[in-house]
Amino acid sequence: MTKLSNTRYQSRRAQVMATLPKGAVVVLRAGSLCTRNSDCEYEFRPNSHFFYLTGFPESDACLIIGADGVSHLFSLPKDIEKEQWEGFRYGDNATDVFGFDKVHPLAHLDTVALSLLDGASAVVFPFEDALLNEKVMSWRSTLSKRARAGAIAPTVIRDLVPILSEMRLIKDDEEIALMEKAAQISVQAHRAAMQNVKPTMMEYQLEAELNYHFMKSGSRHLAYNNIVASGVNACTLHYINNQDEIRDGDLVLIDAGCELGCYASDITRTFPANGRFSEPQAALYQVVLDAYYAGFAKLNVGEAYESCHNAAVETITAGLIKLGLLKGELKTLIESKAYRAFYMHNTGHWLGLDVHDVGAYKIDGESRPLKAGMTLTLEPGIYVSKDNMDVAAKWRGIGIRIEDDIVITEQGPYVLTHGLPKEISEIESLVTTG
Ligand SMILES: [Mn+2]
């Protein structure tokens, strides 16, 4: 499994402890397998916060960092018979392979946790983890009951999520290198899809190109469900059914990205199934592309996060006025959010271990300034509902989005998903001649 070097995880654990008051104890869980049906389970994917501090891939594991900074991993123990059925476990070897201070069998969790929490000033864990909430409360209550024996239950609980979210927001060089690798695998998969699209194909048959190239290039997992949306389906933002026939004259919107070492990539391209944009398709596409460039120009260190979205909104609104889909003054239509009938999502999101990654977008109510090491998507779009009777029939049912992954650097925005066409002529030539 692709992971960063152990020193990265060790220094992250040290950094968390350095932000907490003395005597605090940190607890995290990897999560458990989920049933799909009967006795079949979904593949396991560790919780992102847990993975950020451990790089450890096994289900059911727990991490406790004691008040002394010592890291304790609790995992399923080596068991020849169980491993024959369920697969390999690291067991005690996790100390060397992953750089933990101590590794315990999972069955010892309660006992060791009680001794680590006894006398701690605070317990810090992700409040969003309901099971862990129960665990921590039960440990506290056990320690309270042992007060006469000298035990001291921690009186403060604190949410770990805001601390880890801020840390995760800024990526280091190893993370960015891994994200670029994931992005480039996804670029190749999108190229292959564009080269192989044919009218009369089913959407999922085109989806097969994506999955084939992701896996063939070294990525075992998707970062999220593939969206392969032809024609009017492109107007459904999270369309994942992918079971319609692609027709001659349709645009095909693909929003798909692979995951590598638990890091996500996230790309959208929209292209004509028959290799030629119709006139209305090309006109709307050009507006989205112009909005992409307007947003891109705002992705610089020190610029407010929302500047990118505001620039894209202005370009889209102006474009829709020019083409006659919106009527009125630019300023008024932006203020009244009239564009939302055609552009109802944001122009991007943080990207990292989660496709919609963690990190606040606002600080004290203000859009936060961009910093070097932030990774985000840039993804303007236009979606004209097939039921929109306020616009000419030729526009209805057209959905377009263009999305790239970008890292903010001191030298300006760097496109991790470089090398994938987005100009009309480039796309037409890739679809037509391959
Ligand atoms: Mn996205």
Side-chain angles (χ1 to χ4, degrees), residues 45 48 165 168-169 171 175-176 178-190 193-194 207 210-211 214 219 221-229 233-242 251-260 262-271 285 288-289 291-296 298-299 305-313 316 340 342-361 370 374-383 399-408 413-422:
R45 198 287 196 180
S48 297
S165 299
R168 282 173 52 187
L169 180 56
K171 275 73 179 176
E175 290 178 291
I176 290 167
L178 192 50
M179 287 180 72
E180 184 166 12
K181 214 169 154 190
Q184 286 304 308
I185 292 174
S186 296
V187 163
Q188 293 314 317
H190 275 260
M194 285 191 216
E207 183 181 12
L210 300 168
N211 291 343
F214 288 157
S219 158
H221 300 286
L222 306 178
Y224 54 95
N225 291 321
N226 295 321
I227 296 171
V228 181
N233 295 334
C235 295
T236 304
L237 297 178
H238 293 159
Y239 176 84
I240 53 168
N241 196 34
N242 303 352
L251 286 182
V252 182
L253 181 155
I254 294 185
D255 184 343
C258 72
E259 186 182 82
L260 197 64
C262 287
Y263 283 86
S265 56
D266 182 5
I267 302 181
T268 308
R269 285 295 185 271
T270 311
F271 50 91
Y285 187 94
V288 177
L289 190 58
Y292 174 102
Y293 290 123
F296 187 84
K298 303 290 182 185
L299 295 177
Y305 171 79
E306 68 181 7
S307 302
C308 169
H309 179 60
N310 293 342
V313 161
I316 285 171
R340 288 193 69 87
F342 305 96
Y343 184 39
M344 58 296 285
H345 60 75
N346 219 316
T347 307
H349 49 81
W350 306 131
L351 182 75
L353 286 171
D354 293 313
V355 63
H356 298 147
D357 208 32
V358 290
Y361 290 91
L370 295 175
M374 288 177 169
T375 45
L376 45 78
T377 66
L378 170 60
E379 50 176 313
I382 291 178
Y383 316 89
I400 295 160
R401 180 164 63 255
I402 305 168
E403 177 178 32
D404 275 325
D405 302 344
I406 284 156
V407 55
I408 306 298
Y414 176 77
V415 182
L416 295 167
T417 44
H418 54 81
L420 187 60
K422 54 183 179 290

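Computed over heavy atoms, backbone and side chain alike; hydrogens, waters and symmetry mates excluded. In each ligand, atom 1 is the first atom listed, and ligand 1 is the first ligand listed. Each residue takes its place number in the sequence, starting with 1.
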Side-chain contact test, heavy atoms from C-beta onward, threshold under 4.5 Å: evaluate it for V407 versus M179 and give yes or no. no
Which angle, to the nearest 10 degrees, do you find at the Mn ion (ligand 1) between OD2 in D266 and OE2 in E403? 90°
Under 6.0 Å between ring centres, would you say that holds for Y383 and H345? yes
Within the stated cut-off of 2.8 Å, is an N/O/S atom of H356 closer than that to the Mn ion (ligand 1)? no
Quick one: report the N, O or S atom of E379 that is nearest to the Mn ion (ligand 1). OE2
Test E403 against every option in I254, D266, I267 by the side-chain contact (heavy atoms from CB on, under 4.5 Å) rule and name the one that passes. D266
Verify the neighbour count for atom NZ of K181: are there more than 12 heavy atoms of other residues, nucleotides or ligands below 6.0 Å? no
